[in-house]
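Below is one structure, written out as structure tokens, with a few remarks after it.
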Amino acid sequence: MAEQTGSDDLLGSLNPGQREAVVTGASHNLVLAGAGTGKTTTIVARIRHLIRQGTAPNRILAITFTRRAAAEIRSRVQTESRAMEGVGAMTFHAWAMREVRANPDVFGYEGWSVLDADDQAQVMRGVLGRGKRVEGLKASQIIDVVSFARNTRVTLADAIRAKFPDQTIDPKAIGAVVRAYEERKKERRYLNYDDLLLIFAARLADPQVAAWVGSHYDEILIDEMQDTNPLQWTIIDPLVPHTRFYCVGDDAQSIYGFRGADFASIHPFSERVPGARVMRLEDNYRSTQEILNLSNWLLSASPLEYGKHLRAVRGSGAKPELHSFETPQDEAGWIAGELRRAHEDGLPWNTHLILVRSNYSGRAIESLLIENDIPYVFFGGTKLLESAHVRDVLSALRVVANPDDEVAWLRLLTLVPRVGDRTAVRAFDALLAAREQGASARDARASALVSMPEWLRAGLDAIEDAANRVDDAVGRAAAMLTPVLATKYRNENWDARQRDLVHVERLAASRRSILEFIEEYLLSPVFTSELTAAPKDDDHVVLSTVHSAKGLEADWAFCAGVSPGAYPSSRALGDADAVEEERRVLYVALTRARDRLCVTRALFHTPVRAWVGGPYAMDVLEDAYFLSTLPEGLVAETVHVPQRAPRPGPPPGLAAPPEIDLGVDLGDLE
DNA sequence: GGACTCTGGATTTTT
DNA sequence: TCCAGAGTCC
């Protein structure tokens, strides 16, 4: 039996636990896979197994957390054979978007535009008007709290209490603003990320729709199940009777609580999904035992019972290193030096992974990598479609694709010299009025934009003519705006920005429409450095935020900035759940290393900022600091004291300082 | 009145 | 890098 033999090859490289997880015949499954236990391997093997068993690839859907994870699964599945092509792999948001766009008769919302976080804040700012704040909250904070409420499916008032426990905020005042914002969003036919999930979930509540959607798939696999939030569960629940679910996750790696995920939500999985079988993978294939000892200790120091104890199949290796420095700059400099040395010794750059807590802290390291000529990619850095100059160019495309897109119009119009907010708003109102009288988009532009320069009207017409060749349209928009952008960004790295525009043009090739192009990269962003920093070959260092590091591993991992006040973050203090999530963030970081783990920190330079309820003193941060109870012997510690050459004291016998006349010579004025 | 320029300050984490 | 605010210029 040829099929059976193939199956044996496929399963041969798996351990008994993985094999069992791959061939399970239960209708629904949850695989609790600890860090490094072969989670992705298991998912990929499961997909291959299903296909070998006769499932058509396009009846399998893998829900992943990021575009990168989706690409990884797709490529690992496809290396086997072309027969594997067609497996869907995408995020929840991309899935919802695809269903909504492909089936306007079922879901509606045809022609509505998706807004990213910045644009949502822009709409909210418009609602807030002059003061730009309500109850002390600014636009982006209100957007966040609304999103939290929807993703956790609680009321706005509860979300406000959860997000801002120390502040007295009148939920009614926020509610009024939010209502006005929702109204404006509807008027302009805007959707945000949450709306996509909500629309999908709301229609799935209809049993007929659920049966229909479910009938498209034999199995839906969900990666990173621990980070699935209540809103996403409302998509899963109605589909349970109609397809199979294969979920993989690890509660100890749940780090998306701020987005509504609850790490405990996978515990009652088998009650929530009737008939589900729960399996565990506990043998770690990634790291040495010493690295796991440190990781295991971190969890065991928690008041929560994680019940994790990772065992290293690979056995023993070097102790993790703990390096302390005076300042973050010293820390970053040392890391860059280590990478350089290793490269000179013949190790490729891609041996290394550097993990940081925030984008901000990554930038210090990024600049030292640049200084040392080390090729890198920064996952978590600036996203291409979120950078100001790319948004400028996209605004020209957006107004062509959707003439009602107010945010895009205002952005585009204010690029015109001598046009500010007021003039732009007036022009937009004129456009709307013309459209309401039945003018085509092109005619409305011709009549309403009479006072605008000719290049704008002609340029938009040219973009419209190229709308079905999206890369061409991007090129035309960039050409049209290059003169004004060159001025706007003349002191802000214009050359590099101009190169980005070429990348955008390339990404747009083969997209069917402007909206499809924008939506694809809005829902699955590309980081700028993925396109620019390591263009030559694949050998580069990976710098990543811990949150973007899901699924990443490397021979050497540097966890940077592991200082008091950072782990846990001072913002989490006072909230036990938040502190626990911080612990899991560090756990995810530590478990990325295969052979060498370097934990680095700047001890004498911790920023102690004023915070709601007063600044935290250093000793409070020290008390909460996870590594302050680190037992002897788990790590090899090095304290790096900067080498300062001693300077000789002043010459002996110097006269006492004389009084010096500090007044200015007034000359004739006297 | 509106546009533009400069400066200082702050920045968890992401679809 | 980005935003907000103040001050300046047309």
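Just so we're on the same page: letters track the sequence lines, and every chain starts at 1.
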Applying side-chain contact (heavy atoms from CB on, under 4.5 Å), name anything that partners A:Ala364, two or more places apart in sequence or on another chain. none
If each of A:Thr382 and A:Arg418 is mapped to the nucleotide of DNA chain C with the nearest heavy atom, which maps nearer the 5' terminus, i.e. the 5' end? A:Thr382
Suppose we screen for side-chain contact (heavy atoms from CB on, under 4.5 Å). Which residues come up paired with A:Ile222, at least two apart in sequence or across chains? A:Ile63, A:Phe92, A:Ile220, A:Met225, A:Thr228, A:Ile236, A:Phe245, A:Cys247
Kindly determine whether A:Glu580 and A:Ser302 satisfy side chain to side chain donor-acceptor pair (under 3.5 Å), including the steps that lead there. CA-CA 7 Å; A:Glu580 275 313 298; A:Ser302 163; 2.7 Å; yes
Side chain of A:His93 only, heavy atoms from C-beta on: which candidate in B:dC4, C:dT1, B:dT15 is closest? B:dT15
So A:Tyr256, base contact, sugar-phosphate only, or nothing? Heavy-atom distance under 4.0 Å. sugar-phosphate
Please pick, from B:dT12, B:dT14, C:dT1, the nucleotide with the shortest atom-to-atom distance to any side-chain atom of A:Arg571. B:dT12
Which residues, if any, of residues 61-71 of chain A bring a heavy atom under 4.0 Å of DNA chain B? A:Phe65, A:Thr66
Check every atom of B:dA3, C:dT1, B:dC4 against the side chain of A:Arg363 and return the nucleotide holding the closest atom. C:dT1
Fit a plane to each ring of A:Tyr489 and A:Trp494, take the angle between them on a 0 to 90° scale, and name the class: parallel (under 30°), tilted (30 to 60°) or perpendicular (over 60°). parallel
Show me the donor-acceptor pairs, under 3.5 Å and distance only, between side chains in residues 378-387 of chain A and residues at least two apart or in other chains.
from     : atom 1 : to       : atom 2 : distance (Å)
A:Ser387 : OG     : A:Leu384 : O      : 2.8

Across all chains, not counting sequence neighbours, the salt bridge (charged side-chain N to carboxylate O under 4.0 Å, His left out) partners of A:Glu135 are none
Rounding to a whole Å, what distance do you find between A:Arg133:CZ and C:dG5:P? 8 Å
Quick check on C:dT1: is either OP1 or OP2 less than 4.0 Å from any side-chain nitrogen or oxygen of A:Arg391? no
Spell out yes or no: do the side chain of A:Arg357 and the base of B:dT13 have one donor N/O and one acceptor N/O closer than 3.5 Å? yes
Residues within residues 224-232 of chain A bordering DNA chain B, heavy-atom distance below 4.0 Å: none
